[in-house]
There are 2 protein chains.
Amino acid sequence: MMNVISDKVVSRLSQYRRLLSQLNQQEIKHVFSHRMAEEMGVTATQVRRDLMVLGFSGSPTKGYHVEDLRVKITQFLDGHERQLACICGIGNLGRAVMGYFSGRGVSVDVCAAFDVDPAKVGRAIVGRRCYHIDELESVCKELKLSVGIISTPADTAQSVAEKMIQADIKGILNFAPVVLKLPSDIYVQNMDVSLALETVAFFASQKRQS
Amino acid sequence: MMNVISDKVVSRLSQYRRLLSQLNQQEIKHVFSHRMAEEMGVTATQVRRDLMVLGFSGSPTKGYHVEDLRVKITQFLDGHERQLACICGIGNLGRAVMGYFSGRGVSVDVCAAFDVDPAKVGRAIVGRRCYHIDELESVCKELKLSVGIISTPADTAQSVAEKMIQADIKGILNFAPVVLKLPSDIYVQNMDVSLALETVAFFASQKRQS
DNA sequence: TTGCCGCTGTTATATAATTCACAAAGTTAC
DNA sequence: GTAACTTTGTGAATTATATAACAGCGGCAA
């Protein structure tokens, strides 16, 4: 049985990697868990514990070797091949998300865009070609995509998700404010902006009384 | 000591409310915890446990009264007054977020926008006036905003956050891929898109092998 | 050398979140 | 009326997550 790893740990590993890249640019060679913890707003124990899953060793006197650790995390997260993703729904949000990933060296490449609007189909959006949603299955299978991003309106999200599954996509990042009903072997992460904002508003108003 | 409530519960309550609004539109008067659970992809026990914090009672035979419950959740989440928020950084993402909240009846109103770009300052963005960031403190204090949204590039997020705190903002929704270093009495929720996408990619590639 | 110091790696413990299990209560069937 | 059924509300158990505690190690000072 494959050792199961929690999504929180994966997310933090990804953050460690980002931090290590920055340290690398500053030509910092070694870093202690305390330093990493402080930069990331977690405890040093948590950093060390997260790194355990990598089987990577630091030195008690120098700390962790920045570049080696970065490489190790990358190997762990990305496996062998670079991850490819597609995005469905090219509104403001879709464009913003593509902008995130076209520029800097993120490990995931959003390499295809889909929409139903004839004004967008066929043209390039943020440097990537925009296809009609009907082409999703053929394009995704050809490029062997495994990740899909849904940035469509709520009422089409479920059907888009089902099309993605048809196209052999195994993980979905969903911005639409709906709960997708999908087979359990598909990994779904929801990014529900209005939900998040309401949560923040709740705690903000609670802090106000004190 | 005020009974502390977790952010997960708050977020789910907000989701229940959204579901109840939909049921209301379908003229459904009563609903069982099982039904709500199924629609939201959680267990019925969790629904009932979450509702415990409201002190709201359902009937063993009819379930929960949809409209009453919706009102109760709204009272709990919003308190008395309607929540007001501002947003800093009006790129694609900023516009997308404003679009979310201008339209339908979300409980939080994004009522002011800020940027540094002279081409945007003074104009209206998605129906809201865009101010220069230097006006943040005066505008926020005047309108008594308690929530801020950061959709600026990473390198300006920290300074924007500090300006928000100067303006008496108590909760921040942060889209920038940085860890904000702020006093502990400020509630911060991060929505880090690239982090989320990398997490999805990891699990997607894991599912691929099986 | 020897004794300390600070950090890592890891086990043990504590806290948080979820699920289980079941008593209490209203409905229906008869 | 009462037995059977269904669902709520909630203590208890379980699982997940984070923190604390500490052994082990390498370097440094004297």
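Letters A, B, ... are given to chains in the order of the sequence lines, protein chains preceding strands, and every chain is numbered from 1.
By the side-chain hydrogen bond (donor to acceptor under 3.5 Å, both in side chains) test, Thr199(B) is found to be paired with no residue, residues two or more places apart in sequence or in another chain being considered. Shown here are the side-chain hydrogen bond (donor to acceptor under 3.5 Å, both in side chains) partners of Glu67(B), two or more places apart in sequence or in another chain: Asn24(B), Arg70(B). Every residue two or more places apart in sequence or in another chain that forms a side-chain contact (heavy atoms from CB on, under 4.5 Å) with Ser138(A) is listed here: Glu135(A). Not a single ring-ring contact (aromatic ring centres under 6.0 Å, His included) links Phe175(B) to another residue, sequence neighbours left out. Residues meeting the salt bridge (Lys or Arg N to Asp or Glu O under 4.0 Å) test with Glu162(B), sequence neighbours left out: none. Residues satisfying the salt bridge (Lys or Arg N to Asp or Glu O under 4.0 Å) test with Arg49(A), not counting sequence neighbours, are none. Annotation: side-chain hydrogen bond (donor to acceptor under 3.5 Å, both in side chains) contacts of Thr152(A) (sequence neighbours excluded): Thr156(A). Every residue two or more places apart in sequence or in another chain that forms a side-chain contact (heavy atoms from CB on, under 4.5 Å) with Ala44(A) is listed here: Ser33(A), His34(A), Ala37(A), Arg48(A). Evaluation of the side-chain hydrogen bond (donor to acceptor under 3.5 Å, both in side chains) rule for Gln75(B) yields no partner, not counting sequence neighbours.
Between Lys29(A) and Asp68(A) there is no salt bridge, since none of the side-chain N atoms of the basic residue sits less than 4.0 Å from a carboxylate O of the acidic one.
Each of Ser33(B) and Val9(A) lies near DNA chain D, and the nucleotide nearest Ser33(B) is the one positioned closer to the 5' end.
Remark: Arg48(A), Arg49(A), Thr61(A) in residues 47-75 of chain A come within less than 4.0 Å of DNA chain D through at least one heavy atom.
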Between the protein and nucleotides 13-17 of chain C, are there any N/O to N/O pairs under 3.5 Å, and if so, what are the atom names and distances?
none

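Taking atom CZ of residue Arg35(B) and atom P of nucleotide dT8(D), one finds them 13 Å apart after rounding to whole Å. In this structure, the NE2 atom of His34(B) is 13 Å from the C1' atom of dT19(C), given to the nearest Å.
For Thr45(B), no side-chain nitrogen or oxygen approaches OP1 or OP2 of dC20(C) to under 4.0 Å.
Overall, the helix from dT1(C)-dA30(D) to dC30(C)-dG1(D) carries an axis bend of 10° between its ends, with five pairs at each end and the value rounded to 10°.
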